[in-house]
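Here is the structure we will look at, set down as structure tokens.
Residue numbers start at 1 and run along the sequence shown. Keep in mind that the numbers below use all heavy atoms, side chains included, and drop hydrogens, waters and symmetry copies.
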Amino acid sequence: MQIKKIIRCQVVYILLVVLFVLAVIFNINTGNVHISPARIFRIIFLHGDMGTPEYNIIWKIRLPRLCMAAILGGALSLSGFLLQTFFRNPIAGPFVLGISSGAKMFVAITMIFLLKYMSGMPLWAQVAAAFVGSLLAMLYVLLFANRVKSMSMLLVVGIMISYICSAITDLCITFANDSDIANLTHWAMGSFSGSSWSTVKLAAAVVFPTAVVTFLFSKPISAYLLGIHIRFFRVCIILLSSLLSACVTALAGPISFVGIAVPHITRLSLKTTKPVVTIPAIFLCGAVFCMFCDLIARTIFSPSELAIGTVTAVFGAPVVIWLMVKRQK
């Protein structure tokens, strides 16, 4: 049985790597402008055709967007995994519990306030504002989580928090300028479009160290799952999950259901709950999931583009429904 588990984990990891490579190829090769594979190879690895439109499309549009989808998809999946671990609840996730809405609310308020005095809002300020909003929303969820034991009731609490944050956001947008409203509306829909290498560097600087710390916490997470509660470790889980979801919301807008669906898909595939095995797979699976969802969002109705949250909801919402039905049975 142990050998079968090892072989299964190896097969799943190999499959995820293959899917990751395919997602990279499809995302770079697919778009309104067709570029041959040979030319793509020459542009990426040999830096040929510099200055041509194809070179700019690959290096300034498609590659940054691809990297952003991979990094933030992994971050959102890890955030969902940490929340499910903390609450011991399979439907816990940053979007469902209203944490993404709290981040969205604070970013919107900060943008409206700062843009009156500045020509633009720094990226670090967006992430910081989203982090504060995520923590506040998390604190409200924690206040109710100790009193609410039912999974469905915790879901209702999260939805109510989400509605409250959305109402406050809409109220603030009412007093914003027309140009600010357009920017906020586009950002609130959720999208990886407009990604640049500066945003990719910021996302990598926040997400990768946080992911490494999460992996180093594999043993404490295993102990936590067995019922050993350490106050300091609980605080660390809250901070790590809030930071990951805040980074995603600040740089790409609120994205739904990835944090719930991907951890469960990964655990079902691996047939194990050991954090040291599942954490890297969850990050990789989240990256692959968001890369393919972004590919669908920008190509299915080309030249029009869907919000990334629309596509992730189509694939993620059925997983949530299945989890609730399964738990009820």
(request) Rounded to the nearest 0.5 Å, what's the gap from CZ on Phe292 to CZ on Phe26? Could you check? (result) 6.5 Å

(request) Could you tell me which non-hydrogen atom of Ala137 sits nearest to which non-hydrogen atom of Ile99, and how far apart they are? (result) CB-CA, 3.8 Å

(request) Report the relative orientation of the aromatic rings in Phe289 and Phe315; use parallel for angles under 30°, tilted for 30 to 60°, perpendicular for over 60°. (result) perpendicular

(message) When you compare the side chain of Val277 with that of Lys5, does any pair of heavy atoms fall below 4.5 Å?
(response) no

(message) Closer than 3.5 angstrom, by distance alone: can the side chain of Trp59 be matched with the main-chain N or O of His47 as a donor-acceptor pair?
(response) no

(request) State the CZ-CD1 distance between Arg62 and Ile35, to the nearest 0.5 angstrom. (result) 4.5 Å

(message) Within this structure, what is the CG-CD distance for the pair Leu202 and Gln126, rounded to the nearest 0.5 Å?
(response) 9.0 Å

(request) Grab the two heavy atoms, one from Ile161 and one from Gly98, that are nearest each other, plus how far apart they are. (result) CG2-O, 4.3 Å

(request) In sequence, state the C-alpha distance, the side-chain angles, and the governing distance for Phe87 and Leu97, and then conclude on side-chain contact (heavy atoms from CB on, under 4.5 Å). (result) CA-CA 11 Å; Phe87 289 106; Leu97 294 181; 3.7 Å; yes

(request) Check whether any side-chain heavy atom of Ile255 sits under 4.5 Å from a side-chain heavy atom of Leu72, and report yes or no. (result) no

(request) Taking ring pair (Phe, Tyr, Trp, His ring centres under 6.0 Å) as the test, write out the residues that go with Phe217, two or more places apart. (result) Phe233

(message) Holding to side chain to side chain contact (heavy atoms under 4.5 Å, CB included), I want the full list of residues that pass it with Ile168, two or more places apart in sequence or in another chain.
(response) Met105, Ile109, Ile164, Cys172

(request) Applying side chain to side chain contact (heavy atoms under 4.5 Å, CB included), name anything that partners Trp124, two or more places apart in sequence or on another chain. (result) Pro122

(request) Could you go through the side-chain contact (heavy atoms from CB on, under 4.5 Å) check for Ser302 and Asn32 one step at a time? (result) CA-CA 8 Å; Ser302 180; Asn32 294 327; 2.6 Å; yes

(request) Begin with the C-alpha distance, continue with both residues' side-chain angles, and end with the deciding distance and a verdict on side-chain contact (heavy atoms from CB on, under 4.5 Å) for Asn27 and Arg298. (result) CA-CA 10 Å; Asn27 273 276; Arg298 67 184 180 85; 3.8 Å; yes

(request) Following the transitive rule for hydrophobic clusters with a side-chain heavy-atom cut-off under 4.5 Å over Ile, Leu, Val, Met, Phe, Trp and Tyr, establish whether Ile265 and Val311 coincide in one cluster. (result) no

(request) Report yes or no: do Val262 and Phe192 belong to one cluster of Ile/Leu/Val/Met/Phe/Trp/Tyr joined by side chain heavy-atom distances under 4.5 Å? (result) yes

(message) When you group the ILVMFWY residues by side-chain heavy-atom contacts below 4.5 Å and let the links chain together, are Phe86 and Val141 in the same group?
(response) yes

(message) So does Ile25 get a backbone contact from the side chain of Asn29, meaning a donor-acceptor N/O pair under 3.5 Å?
(response) no

(message) To the closest 0.5 Å, what do you measure between CZ (Phe106) and CG (Leu135)?
(response) 10.0 Å

(request) For residues Phe208 and Ile71, report the shortest heavy-atom separation together with the two atoms involved. (result) CZ-CG1, 3.9 Å

(message) Would you compute the distance between atom CD1 of Ile28 and atom CG of Leu63 and round it to the nearest 0.5 angstrom?
(response) 4.5 Å

(message) Could you tell me if the side chain of Ser198 sits less than 4.5 Å from the side chain of Leu123, heavy atoms only?
(response) yes

(message) Tell me every residue that passes salt bridge (Lys or Arg N to Asp or Glu O under 4.0 Å) with Arg42, counting only those two or more places apart in sequence or in another chain.
(response) Asp49

(request) Decide yes or no for Thr199 and Pro64: does some side-chain heavy atom of the first lie under 4.5 Å from some side-chain heavy atom of the second? (result) no

(request) Answer yes or no: is there a donor N or O on one side and an acceptor on the other, between the side chain of Ser245 and the main chain of Ser100, under 3.5 Å? (result) no

(request) Using the side-chain contact (heavy atoms from CB on, under 4.5 Å) rule, take Met138 and Leu83 through it: C-alpha gap first, then chi angles, then the decisive distance, then the call. (result) CA-CA 10 Å; Met138 174 72 87; Leu83 290 173; 3.0 Å; yes

(message) Test of understanding: clusters of I, L, V, M, F, W, Y form through side-chain heavy atoms closer than 4.5 Å, transitively. Do Phe215 and Val12 belong to the same one?
(response) yes

(message) Quick one: does any side-chain atom of Tyr55 pair with a main-chain N or O of Ile43 as donor and acceptor, under 3.5 Å?
(response) no

(message) Do Val314 and Phe257 have side chains that approach each other closer than 4.5 Å (heavy atoms only, starting at C-beta)?
(response) no

(request) Supply the atom-to-atom distance Thr273 OG1 to Leu268 CG, rounded to the nearest 0.5 angstrom. (result) 11.5 Å

(request) Check Ala203 against Cys247 and note the closest heavy-atom contact, atom names and distance. (result) CA-SG, 4.1 Å

(request) Work out which heavy atom in Ser77 is nearest to a heavy atom in Val258; give both atom names and the distance. (result) OG-CG1, 3.7 Å

(request) Examine the side chains of Ser242 and Ser134 and answer whether a donor and an acceptor come within less than 3.5 Å of each other. (result) no

(message) Would you say that Phe232 contacts Val235 through its side chain, given a criterion of any heavy-atom pair below 4.5 Å between the two side chains?
(response) no

(request) Sequence neighbours left out, what pairs pass salt bridge (Lys or Arg N to Asp or Glu O under 4.0 Å) with at least one residue falling in residues 65-83? (result) Arg65-Asp294, Arg65-Glu305

(request) For the residue pair Pro280 and Phe283, establish whether any side-chain heavy-atom pair is separated by less than 4.5 Å. (result) no

(request) Using atom types as modelled and distance alone, determine if a side-chain donor or acceptor of Thr312 lies under 3.5 Å from a backbone N or O of Gly309. (result) yes

(message) Main chain of Ser241, side chain of Ser79: is a donor-acceptor contact present, judged purely on distance under 3.5 Å?
(response) yes

(message) Would you say that more than 12 heavy atoms from the other residues, nucleotides or ligands in this model lie under 6.0 Å from the OH of Tyr140, or not?
(response) no

(message) For a 4.5 angstrom cut-off between non-hydrogen side-chain atoms, does Ile221 reach Phe81?
(response) yes

(request) Indicate yes or no for a side-chain donor-acceptor contact from Arg8 to the backbone of Ser269 under 3.5 Å, with no hydrogens or angles considered. (result) yes

(message) Could you see if Val157 belongs to whatever hydrophobic cluster contains Phe95? Use Ile, Leu, Val, Met, Phe, Trp, Tyr and a side-chain cutoff under 4.5 Å.
(response) no

(message) Using every non-hydrogen atom in the two residues, find where Val96 and Ile260 come nearest and quote the distance to one decimal.
(response) CG2-CD1, 2.8 Å

(request) Give the other cluster members for Leu216, using side-chain heavy-atom distances under 4.5 Å between Ile, Leu, Val, Met, Phe, Trp and Tyr residues; answer none if it is isolated. (result) Val212

